[in-house]
Amino acid sequence: MGRFVVLDFETTGLSPALGARVIEVSAREIIDGRAGQEFSTLVNPGVRVPAEVTQITGITTAMLGGAPRSSTVMHTLADFIGASPIVAHNAGFDRKFLEYEAQEFLDGRQILTLCTLLLARRVFPGRASYRLGDIVREVGINVPGQLHRASADTWVTTHLFARICADARSRCTAQHFDHDVLHRLQRVRIDAAHEWLAAVGGSRAAINLH
């Protein structure tokens with residue numbers, strides 16, 4: 001059994017190295033396959049929100065005036081994540097912002113990341129689109145409210161992760177998986193993923209993902 005944290009950031013741009021900053025965060029825990037607590041907040045980045053970001057997210061500069069600063073949020077977020085693996089859709093994006101803005105609070109610990117985009121390509125191959133809104137609808141997950149808001153995105157990503165795990169488990173003889181199996185699966189060649197899953201049935205297991 002174990003704990004995962006589903007993470008999503010809304011940001012002012014694509015790269016912290018180019019000055020983009022976090023404006024909203026949601027971190028939603030999964031414990032033993034069940035949804036747990038959520039940490040969610042707007043973040044005052046100290047910069048204006050570009051008009052194109054407001055158009056996508058609905059978040060304005062004025063909305064962030066009374067929000068906590070990044071250092072406060074990231075300290076709490078790092079504590080919330082702890083040593084748990086992170087789950088995110090297009091996880092490389094969220095990971096680079098986490099490492100940039102929360103670096104001083106991570107205490108040098110390695111962040112294990114599971115990407116539902118990479119996993120969905122392997123478990124559900126041949127779909128027309130793997131953008132979050134498209135793939136969750138494709139596999140029959142209802143989308144509540146507006147995506148491109150952090151809490152909504154972690155909610156649907158949590159359900160997508162559960163669907164991925166259930167499908168992957170059904171293809172193996174093993175009853176349980178640990179995060180290492182999923183970590184390896186996201187690097188398997190797409191057209192060989194189902195065969196790989198069938199062969200990994202005897203792998204060691206610790207975390208129930210049903």
Inset, instruction - Using the side-chain contact (heavy atoms from CB on, under 4.5 Å) rule, take L42 and I59 through it: C-alpha gap first, then chi angles, then the decisive distance, then the call. - result: CA-CA 9 Å; L42 293 170; I59 300 172; 4.2 Å; yes
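- Here CG of D191 is found 13.5 Å from CZ of R121. Values are rounded to the nearest 0.5 Å.
- Transitive grouping of hydrophobic side chains (ILVMFWY, heavy atoms separated by less than 4.5 Å) brings L185 and L117 into a common cluster.
- Under the 4.5 Å side-chain criterion, counting only non-hydrogen atoms from C-beta, E101 is not in contact with S71.
- In this structure, T72 contributes its side chain and P68 its backbone to no donor-acceptor pair below 3.5 Å.
- Side-chain contact between W155 and R28: present, with at least one pair of heavy atoms (C-beta onward) separated by less than 4.5 Å.
- Aromatic ring pairs are classed by plane angle as parallel below 30°, tilted from 30° to 60° and perpendicular above 60°; the pair F39 and F80 is tilted.
- Side-chain contact check for T158 versus V87: every heavy-atom pair is 4.5 Å or farther apart.
- With R122 contributing its side chain and Q186 its backbone, the two residues share a donor-acceptor pair below 3.5 Å.
- Between S84 and R3, the shortest heavy-atom distance links the atoms OG-NH1, 2.8 Å.
- Taking the charged nitrogens against the carboxylate oxygens, E10 and R149 have no contact shorter than 4.0 Å, which rules out a salt bridge.
- A salt bridge links D180 with R184: the distance from a Lys NZ or Arg NE/NH1/NH2 to an Asp or Glu carboxylate oxygen falls below 4.0 Å.
- Taking a 6.0 Å sphere around CG of L14, one finds it holds 12 or fewer heavy atoms contributed by other residues, nucleotides or ligands.
- In this structure, D32 does not pair ionically with R34, as no charged nitrogen and carboxylate oxygen lie closer than 4.0 Å.
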Inset, instruction - Report the C-alpha distance between T12 and R21 in whole Å, list the side-chain angles of each, state the deciding distance to 0.1 Å, and finish with yes or no for side-chain hydrogen bond (donor to acceptor under 3.5 Å, both in side chains). - result: CA-CA 5 Å; T12 61; R21 301 298 304 278; over 6 Å; no
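- For the residue pair A91 and L114, the shortest heavy atom distance occurs at CB-O, 4.1 Å.
- Atom NZ of K96 and atom CG of L98 lie 13.0 Å apart (nearest 0.5 Å).
- Distance check, rounded to the nearest 0.5 Å: CD1 of I141 to CD1 of I135 gives 8.5 Å.
- Annotation for Q37: atom CD does not count as buried by contact number, only 12 or fewer foreign heavy atoms lying within 6.0 Å.
- The closest side-chain heavy-atom distance from C165 to L182 is below 4.5 Å.
- Of the listed residues (R169, R171, R163), just one forms a salt bridge (Lys or Arg N to Asp or Glu O under 4.0 Å) with D167, and that residue is R171.
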Inset, instruction - Would you check, one step at a time, whether the test side-chain contact (heavy atoms from CB on, under 4.5 Å) holds for F124 with I164? - result: CA-CA 8 Å; F124 308 122; I164 287 168; 3.7 Å; yes
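- Within 6.0 Å of the CZ atom in R109, the count of heavy atoms belonging to other residues, nucleotides or ligands exceeds 12.
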Legend entry - CA sep, side-chain torsions, deciding dist, call: V6, I30, side-chain contact (heavy atoms from CB on, under 4.5 Å): CA-CA 8 Å; V6 182; I30 306 171; 3.6 Å; yes
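- Proximity of I111 to R95: side-chain heavy atoms (C-beta onward) are separated by under 4.5 Å at one or more points.
- Shown here for H194 and P125, the closest heavy-atom pair between the two residues is NE2-CD, 3.7 Å.
- Here S26 pairs with E38, T154 under the side chain to side chain donor-acceptor pair (under 3.5 Å) rule; sequence neighbours left out.
- Counting heavy atoms from C-beta outward, V25 and T41 have side chains that approach closer than 4.5 Å.
- In this structure, R48 places its CZ atom where only 12 or fewer heavy-atom neighbours from other residues, nucleotides or ligands lie under 6.0 Å away.
- H89 and T157 form no side-chain donor-acceptor contact under 3.5 Å, judged by distance and modelled atom types alone.
- Within a 6.0 Å sphere centred on CG of N142, heavy atoms belonging to other residues, nucleotides or ligands number 12 at most.
- Under a hydrophobic clustering in which Ile, Leu, Val, Met, Phe, Trp and Tyr are joined whenever their side-chain heavy atoms come within less than 4.5 Å, directly or via other members, L112 and I81 fall into different clusters.
- Here the CD1 atom belonging to I56 is positioned 12.5 Å from the CG atom belonging to L147, to the nearest 0.5 angstrom.
- The cluster map of Ile, Leu, Val, Met, Phe, Trp and Tyr, joined by side-chain heavy atoms under 4.5 Å apart, puts F97 and V73 in the same cluster.
- Under a hydrophobic-cluster definition in which Ile, Leu, Val, Met, Phe, Trp and Tyr are linked whenever side-chain heavy atoms come within less than 4.5 Å, directly or via other members, V49 and F93 are assigned to different clusters.
- Open room surrounds CD on Q110; 12 or fewer heavy atoms of other groups in view lie less than 6.0 Å from it.
- Residues C172 and L197 share a closest heavy-atom pair of SG-O, 2.7 Å.
- Closest approach of L7 to A88, counting heavy atoms only: O-CB, 3.4 Å.
- Counting all heavy atoms, side chain and backbone alike, N90 lies closest to C115 at N-SG, 3.5 Å.
- Note that CZ of F105 is 11.0 Å distant from CD of Q103, once rounded to the nearest 0.5 Å.
- No path of Ile, Leu, Val, Met, Phe, Trp and Tyr side chains, each step under 4.5 Å between heavy atoms, connects Y100 with I86, placing them in separate hydrophobic clusters.
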Inset, instruction - Give the intermediate values and the outcome of side-chain contact (heavy atoms from CB on, under 4.5 Å) for residues V200 and W196. - result: CA-CA 6 Å; V200 81; W196 184 88; 4.1 Å; yes
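- Counting heavy atoms from C-beta outward, H148 and L132 have side chains that stay 4.5 Å or more apart.
- Put simply, the side chain of I23 does not reach to within 4.5 Å of the side chain of T11, judged on heavy atoms.
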